[in-house]
Structures are given as C-alpha cells and as structure tokens.
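In this text, all values refer to a predicted model and were calculated from it rather than measured experimentally.
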Amino acid sequence: MGAREVRLDLGWDLLEQGEFDGAIEVASALLAEEPEDVEASFLSASARFESGDLEAAHSELRSLLAREPDDVPCRLTLAALLYETCRFEEGLLEIERVLPQDVRNPYAHHLRGLLLDMTGRHADADASFRQAADLGPDRYRAPDRIDRSAFEAIVEEALASIPAEFRQRIGNVPILLEQVPSAALLATLEEPSPDLLGLFVGTPLTQKTTQDLAGPPEAIYLFQRSLERQCETVEELVEEIRVTLLHEIGHFLGMEEEDLDEAGYA
C-alpha cells in the first residue's frame, strides 16, 4: 500500500472516530498535492457533512459529481445531505439516479424511504423501507405501523402517565398528531430537522408578554411515522411518546435542553 492510500485510510479512520477536523486536514493535504484527487475530495466532503458544515459539503459534492457523475457513494451522500437540509424532492432525484446503478444497495432504498416519507408518499416509503430491510436485515428494518386510533390511544396513555403538575400547566395547549413534520412547518424553524419526533410551537410560559396574544396558536406536535421509525416495539413506542411529550411540554414551560437532559426528558 502506497503512502497516499495510507493517508486516505487514516483520514477515513479519523472520520469514523468523529475526528472531523483531522479528516479534513488529511484530505486538504492530499488535495494540495493533487487537486483532482477524487477520493480525497470525497473524504473532504464527507467530513464536512459529518461536522455540520453542510454548505461546504454541498459545494464539494456538486463539484465532484460534475467530474464523476457515476460516483454512487458521492451521489448517495449528496442525497443524504439534501434530506438533512429538507430539500426532499432534490434528494429523490439523486436517489433515482443511483438505484439503476446499484439496485441492491440497502442504504439507497432506506434513504429513498425517508425522502418519500417527507413528501407524503407513505405507501411508497414503506415499500422502500421493506426493500432496505430485505437487502440489509442486519442494519435496516421496516417500521411497524399502527392505525391512527391505536396511536391516539397510546398518546392518551402516555399523557395520563406524566406528572399531574405537567398536565395541569399545559392547560388548553392542543396536542396535534401528524404523520411527519410538513415542509411548511419545517420552514418556520431556525434549525429544521426532518427527523423530529415532536415539536412545541409557540412562546414558552417564561417568555410570555401581552404582545404574544395575537401570535400564532400554540401547539404540541407528535409525528407518528417518525416515532414509529424510532421504535422497534409497541412498548418502546409508548415510552418514546411519553418522553417526547415531556420534552415538548418542558419547552412550553421554558426549560432549556440542558434542563430537559437532567430531568430525563431529552
């Protein structure tokens, strides 16, 4: 193995260990020597993506694909980035370019399922999740789905199990059940995430003033399909709903993420 391969392996090892800056340094050094190095470019883009520098990662992935349009890992990474940045239709276009080249890639089918879910094509999403589970059963599973009435019953059970003082303080704030967060709702958030399990919309009690009275209606959202993806059993689903409810009620009460962590509601 040559020195370049050793350095690339080091870069990928650093990325897997969460040492993103180190991986970027390795990639940057290789690219300084050979600006057209495809593998170093992909390492750089992947490390920037994992580090949260999504704009730079997007730019590097687009540039790489302009040179290597058939690079499947690069295109899959771009699709994943588009999912994370809530550009779901764009992400689907990338996946549809990948699958004819790599139809037995379980990750591609799983990612396609996530993207389809967020665009409201839930039956097609579940078919993709099943395909991913068939091709990669050690890593992927098809989420178990329950009907709306069963989900509502679990929410009621979870709500009844939380401390009485929490239930009393939320007053008339509605708990709204949705399949996944809508694009319109995500667009209102400073840091939108497609994987939200729940969300409080409104002004926390600790920040309320008379000027808030004309604002948008307050609500706590629970996202059924997102919660189902998170849980392997109904028992897990009941607990996750309870924790998610407590988390969002905590936000309504003005608790910060650190407070929710310490209370076990994160």
Should Asp37 and Arg4 count as an ion pair when the cut-off is N to O under 4.0 Å? yes
Is there a side-chain contact between Asn105 and Leu76, using heavy atoms and a 4.5 Å cut-off? yes
Using the rule that two of Ile, Leu, Val, Met, Phe, Trp, Tyr join whenever any of their side-chain heavy atoms come within less than 4.5 Å, decide whether Leu93 and Leu81 are in one cluster. no
Angle class for the Phe200/Phe252 ring planes (parallel below 30°, perpendicular above 60°, tilted otherwise)? perpendicular
Please confirm whether the backbone N or O of Ala56 pairs with a side-chain atom of Ser59, one donor and one acceptor, at under 3.5 Å? no
Hey, are the side chains of Ile154 and Val234 touching, using non-hydrogen atoms and a 4.5 Å cut-off? yes
Considering only NZ, NE, NH1 and NH2 on the basic side and carboxylate oxygens on the acidic side, decide whether Asp134 and Arg141 come within less than 4.0 Å. no
Is a side-chain donor or acceptor of Glu236 paired with a backbone partner of Glu232 at a separation under 3.5 angstrom? yes
Taking NZ, NE, NH1 and NH2 as the nitrogens, is one of them in Arg75 or Glu90 under 4.0 Å from a carboxylate oxygen of the other? no
Any side-chain heavy atom of Asp195 within less than 4.5 Å of one from Glu84? yes
Determine whether a donor-acceptor pair (N or O, by modelled atom type, separation under 3.5 Å) exists between the side chain of Ser28 and the backbone of Ile24. yes
Should the pair Glu89-Arg121 be classified as a salt bridge under the 4.0 Å nitrogen-to-oxygen rule? yes
Shared hydrophobic cluster, Leu114 / Leu78 (ILVMFWY, side-chain heavy atoms < 4.5 Å): no
Carboxylate-amine/guanidinium proximity below 4.0 Å for Arg225 and Glu228: no
Is it the case that the side chain of Glu34 and the backbone of Leu30 share a donor-acceptor pair, with hydrogens and angles ignored and the cut-off at 3.5 Å? no
When you measure from the side chain of Glu60 to the backbone N and O of Ala45, does any donor-acceptor pair fall under 3.5 Å? yes
